[in-house]
Colleague: 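I have a structure here, written as structure tokens, and I will follow up with some questions on it.
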Amino acid sequence: MDTFLLNARLALWLGVLTSISPCPLATNIAAISFIGKHVGSTRRTLLSGLLYALGRTAVYLMLGIFIVAGVLSIPGVSNLLQKYMSKIIGPILILAGMFLLELIHFNTGVLSTGEKMQKRAEESGIWGAAFLGIIFALSFCPVSAALFFGSLIPLSLKHGSSVLFPSLYGIGTALPVLAFAFLLVFATQSVGRFFNALTRIEWWARRITGVLFISIGLYYCIAYIFLS
């Protein structure tokens, strides 16, 4: 149970780390810009933030159910994963850590976001916030893809968690936007300071997490591959 709770917290942290990485942070800023248009209404501002969070969380939840539950439902795969997951997760964590430390670069097309998406969201009214959350969650870039597919999914497979871990990850990715929504309502003057703090924290958080991933990955490789 202790390991499960620790990894549940890790799933939430992976979401937070994703949200403050450069590419996802840009989409979150676009969402904040959309939410800020309703700053005159406390109810609409907070509701927009919550709908955005629900939109992002729903995407990761659906992906988690589709991938994790789908894989575990295949006959023999569950037993195979229980047998070999400890051997597989080591190299995966090392690769994910190398992405976070920018030792590996992988260029991929990112779904176009920005003014076009914001205009569509505005046409949908307050529900546009949920639309933005869904679209931005699907806009995977190398770092977010490494964290979700390379770190969260293996953790979810290891614990057979197709709902909780992806949901915690989704909540984590939306936390900065929720925080900005509250700041816009209750402490507008603090928004700039909060954003500047996030950009400073991101550099250290990503590298510390990258080093931890590589260290844990090396431990798994030594313990379950070379010494088993």
Colleague: Within a strict 4.5 Å, meaning less than it, do heavy atoms of the Leu175 and Ser19 side chains meet?
Modeller: no
Colleague: Evaluate Phe165 against Tyr60 for ring-ring contact (aromatic ring centres under 6.0 Å, His included), listing each step before the verdict.
Modeller: CA-CA 9 Å; Phe165 284 14; Tyr60 298 122; over 10 Å; no
Colleague: Membership question, hydrophobic clusters at under 4.5 Å side-chain separation (ILVMFWY): are Phe4 and Leu10 in the same one?
Modeller: yes
Colleague: Identify whether Val163 and Val59 are in the same connected component of the hydrophobic contact network (ILVMFWY, side-chain heavy atoms under 4.5 Å).
Modeller: no
Colleague: Do the side chains of Tyr169 and Ile134 join up, straight or via other hydrophobic residues, at under 4.5 Å, putting them in one cluster?
Modeller: yes
Colleague: Quick check: closest heavy atoms across Thr57 and Ser167, and the distance to 0.1 Å?
Modeller: CG2-O, 3.7 Å
Colleague: Compare every heavy atom of Pro166 with every heavy atom of Gly64, then report the nearest pair and how far apart it is.
Modeller: CA-CG, 3.7 Å
Colleague: Are the side chain of Lys87 and the backbone N or O of Ile225 linked by a donor-acceptor pair below 3.5 Å?
Modeller: no
Colleague: Name the atoms and distances for all side-chain donor-acceptor pairs under 3.5 Å in residues 148-160, with sequence neighbours left out.
Modeller:
unit_1 : atom_1 : unit_2 : atom_2 : d
Ser156 : OG     : Leu152 : O      : 3.0
Ser156 : OG     : Ser161 : O      : 3.4
Lys158 : NZ     : Tyr220 : OH     : 2.8
His159 : NE2    : Asn7   : ND2    : 2.6

Colleague: Please check if Leu14 and Leu12 belong to a single hydrophobic cluster, counting links between Ile, Leu, Val, Met, Phe, Trp and Tyr side chain heavy atoms closer than 4.5 Å.
Modeller: yes
Colleague: Should Leu132 and Met62 be counted in the same cluster of Ile, Leu, Val, Met, Phe, Trp and Tyr side chains packed under 4.5 Å apart?
Modeller: no
Colleague: Going by side chain to side chain contact (heavy atoms under 4.5 Å, CB included), name the residues that satisfy it together with Thr209, two or more places apart in sequence or in a different chain.
Modeller: Trp13, Leu17, Leu100, Phe213
Colleague: For Leu178 and Gly49, which heavy atoms make the closest approach, and how far apart are they?
Modeller: CD2-O, 3.3 Å
Colleague: Are any non-hydrogen side-chain atoms of Thr173 and Phe136 less than 4.5 angstrom apart?
Modeller: no
Colleague: Within this structure, what is the CG-CD1 distance for the pair Leu93 and Ile88, rounded to the nearest 0.5 Å?
Modeller: 12.0 Å
Colleague: How long is the gap from CG on Leu147 to OG1 on Thr18, to the nearest 0.5 Å?
Modeller: 4.0 Å
